[in-house]
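Step one of this worksheet: look at the structure below.
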Amino acid sequence: MFKIYALPDDPSAAPPPRQFRKLPPNGIEECLVRVYVVQAEGLQPKDANGKCDPYVKITLGKKTINDHENYVPCTLDPVFGKLFELTCSLPLEKDLRVMVYDHDMLTKDEKIGETVIDLENRFLSKYGALCGLPQTYCVSGVNQWRDQLKPSQLLSRVCDRQNLRRPVYKHDRVHFRGHEYTAVDLGEFSDSGTDCGANAI
């Protein structure tokens, strides 16, 4: 990608603004990948009874996770409820392949379907993995924060990518883009103690 700018006639004038101020790292990035497989719906029947016995198989680079022992018997709408963890080196190992197989006792297991996820694309995307994140930051309980970065770190990342001035934190107040925010702005969460809200950020 390139762009040509017309220079101003006045040599003392400021040059045109740069399009990219902070580029992603150019080296190999070691990552931990968490794959949440919740459920599947309307699978293709593979058995004579019109059902199948599905289980999950995951590959990433040379690594393979085969959950064959935990197949769900006789169903087309299995609920797996599984978490799988793998490590990878981007961009060398970028294609995450999630497959569903039908378990058979006598014959070879047959593939029901699969999907391929480009992890490098997800890693460099400006859109974070927000699925399942609670609305408030809690350090314990059922609503415990599950993202690897705290909300303050996520906000700093947005500022870096959009060339915005970072927020200023003073005691129980935050100054950001000309506005001041306090714990009172959290409404019903302002009195929930140190486990939730701005105090834990």
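Residues forming a salt bridge (charged side-chain N to carboxylate O under 4.0 Å, His left out) with Glu93 (at least two apart in sequence, or on another chain): Lys63.
Side-chain atoms of Glu85 and Leu32, non-hydrogen and from C-beta on, do get closer than 4.5 Å to each other. Put simply, the side chain of Leu119 does not reach to within 4.5 Å of the side chain of Cys31, judged on heavy atoms. Residues Arg166 and Leu155 form no side-chain contact, since every pair of their non-hydrogen atoms from C-beta on lies 4.5 Å or further apart. Counting heavy atoms from C-beta on, the side chains of Lys51 and Thr75 never come closer than 4.5 Å. Side-chain contact between Asp104 and Asp47: present, with at least one pair of heavy atoms (C-beta onward) separated by less than 4.5 Å.
Met99 contributes atom CE, which lies 6.0 Å from atom NZ of Lys111 (distance to the nearest 0.5 angstrom). Between atom CG of residue Leu86 and atom CZ of residue Arg34 there is a gap of 11.5 Å, rounded to the nearest 0.5 Å. Rounded to the nearest 0.5 Å, atoms NE2 (His179) and CZ (Arg177) are 8.0 Å apart. Here Phe176 contributes atom CZ and Leu164 contributes atom CG; the two are 5.5 Å apart, rounded to the nearest 0.5 Å.
Between Glu120 and Leu90, the shortest heavy-atom distance links the atoms N-CD2, 4.1 Å. Nearest heavy atom pair, residue Pro91 against residue Gly27, reads CD-O, 4.4 Å. Minimum heavy-atom separation, Leu76 to Gly50: CD1-O, 3.7 Å. Nearest heavy atoms, Arg165 versus Cys159: O-SG, 3.7 Å. Nearest heavy atoms, Asp95 versus Leu60: O-CD1, 3.5 Å.
Screening Asp109, Asp67, Thr64 for a side-chain contact (heavy atoms from CB on, under 4.5 Å) involving Lys57 leaves a single residue, Thr64.
A donor-acceptor pair under 3.5 Å is formed between the side chain of Asp77 and the backbone N or O of Gly42. With hydrogens and angles ignored, the 3.5 Å screen pairs a side-chain donor or acceptor of Asp102 with a backbone N or O of Asp53. Checking side-chain atoms of Asp10 against main-chain N and O of Ser12 turns up a donor-acceptor pair under 3.5 Å.
Under the ring-ring contact (aromatic ring centres under 6.0 Å, His included) criterion, the residue pairs touching residues 70-100 are Tyr71-His103, with sequence neighbours excluded.
Follow the hydrophobic side-chain contacts under 4.5 Å out from Leu96 and you reach Phe123 in the same cluster. No continuous path of hydrophobic side-chain contacts links Leu43 to Val79 [ILVMFWY only; heavy atoms under 4.5 Å]. Linking Ile, Leu, Val, Met, Phe, Trp and Tyr residues whenever their side-chain heavy atoms come within less than 4.5 Å places Tyr181 and Tyr169 in a single cluster. Val56 and Ile65 fall within the same hydrophobic cluster, where Ile, Leu, Val, Met, Phe, Trp and Tyr residues are linked whenever their side-chain heavy atoms come under 4.5 Å apart, directly or through other members. The cluster map of Ile, Leu, Val, Met, Phe, Trp and Tyr, joined by side-chain heavy atoms under 4.5 Å apart, puts Val98 and Tyr55 in different clusters.
Within 6.0 Å of atom CD in Glu69, 12 or fewer heavy atoms from other residues, nucleotides or ligands are found, so the atom counts as exposed in its surroundings.
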